[in-house]
A.B. asks: 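Below you will find the structure I want to go over with you.
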Amino acid sequence: MTTHLAYADLHCHLDLFPDFASAVEEIERAKVYALTVTTTPRAWPRNRELTENKRYVRAALGLHPQLVQDHADDIHLWEMYLAETRYVGEVGIDRGPRYYRSLDKQKDIFAHVLQSCGRAGDKILTVHSVRSARIVLDLVEEHLPARAGKVILHWFTGSKSEAQRAVELGCHFSINTQMASNERGRELIRSLPCDRLLTETDSPFTQIDGRTASPLDIGKSVQLIAELLKSTPEEVAAIVFENLKRLLGTSSMGET
Ligand code: MN
């Protein structure tokens with residue numbers, strides 16, 4: 001008997017690969033569900049064009065917090081395109097040393113994104129929260145209650161208590177292999193409820209076996225979770241797929 005595992009990469013950047021169009025086609029052929037995020041709404045028309053009518057690849061409309069310092073005005077463009085997609089990202093907050101000085105601006109932009117998503121309804125957001133879990137969760141709690149939209153915390157590195165708060169707010173977590181590079185990260189992953197687990201690669205920003213990762217490496221994220229939870233890849237892939245279907249509110253991925 002052959003087992004067909006359904007894989008899903010909920011956070012990758014296909015438009016940063018050397019050949020975006022080929023990357024999309026390769027993932028379609030591999031039948032990996034992939035949510036490709038954008039860092040600027042300026043990339044949206046091309047992302048929409050390459051992903052419309054695709055079976056497995058979906059594009060998310062983003063304005064990356066690391067770009068807010070110099071490109072905050074792009075929020076108007078982001079707003080203009082919002083009605084064209086259910087998926088939003090990469091958005092969020094980065095309080096790392098290089099981006100700290102734009103923190104107030106980032107908060108304004110992220111609050112605006114959450115409010116717009118709440119008004120539009122039914123959006124799914126993939127959210128960056130580097131050194132800012134508390135701020136991100138405060139803003140989500142204030143501006144996007146669980147019934148108004150769904151938040152996936154991507155590459156979450158907050159504390160276990162912050163993760164617990166995120167669970168209470170209805171958030172999901174997309175897990176990549178680099179999150180397990182230290183014991184703190186592994187312990188965090190083990191602490192998450194199974195029904196909130198999703199998988200990601202964040203490719204091309206991650207490495208697998210010393211080379212740049214791609215969404216086709218998503219099996220490694222599944223394997224990692226299986227090891228940490230003392231489960232099997234088959235079981236974890238099935239759990240992630242069920243979580244994704246529930247998140248999307250549909251039994252057929254092709255209809256989203
Ligand atoms: Mn990313």
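For ligands, and for the atoms within them, numbers begin at 1 and follow the listed sequence. All values below come from the heavy atoms of this structure, side chains included, with hydrogens, waters and symmetry mates left out.
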A.B. asks: Are the charged groups of E26 and R29 less than 4.0 angstrom apart, N to O?
C.D. replies: no

A.B. asks: Identify which one of K123, E79, H143 satisfies the side-chain contact (heavy atoms from CB on, under 4.5 Å) criterion when paired with S116.
C.D. replies: E79

A.B. asks: Answer yes or no: is there an ion pair linking R46 with E49, defined by an N-O contact shorter than 4.0 Å?
C.D. replies: yes

A.B. asks: Does R190 pair with E187 as a salt bridge, N-O distance under 4.0 Å?
C.D. replies: yes

A.B. asks: If every non-hydrogen atom of Y87 is compared with every non-hydrogen atom of A59, which pair is closest and at what distance?
C.D. replies: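 Taking Y87 first and A59 second, the nearest heavy atoms are CB-O, 3.6 Å.
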
A.B. asks: State the count of protein N/O/S atoms located less than 2.8 Å away from the Mn ion (ligand 1).
C.D. replies: 4

A.B. asks: Measuring from R131:CZ to L103:CG, what's the distance to the nearest 0.5 Å?
C.D. replies: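 One gets 12.5 Å once the value is rounded to the nearest 0.5 Å.
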
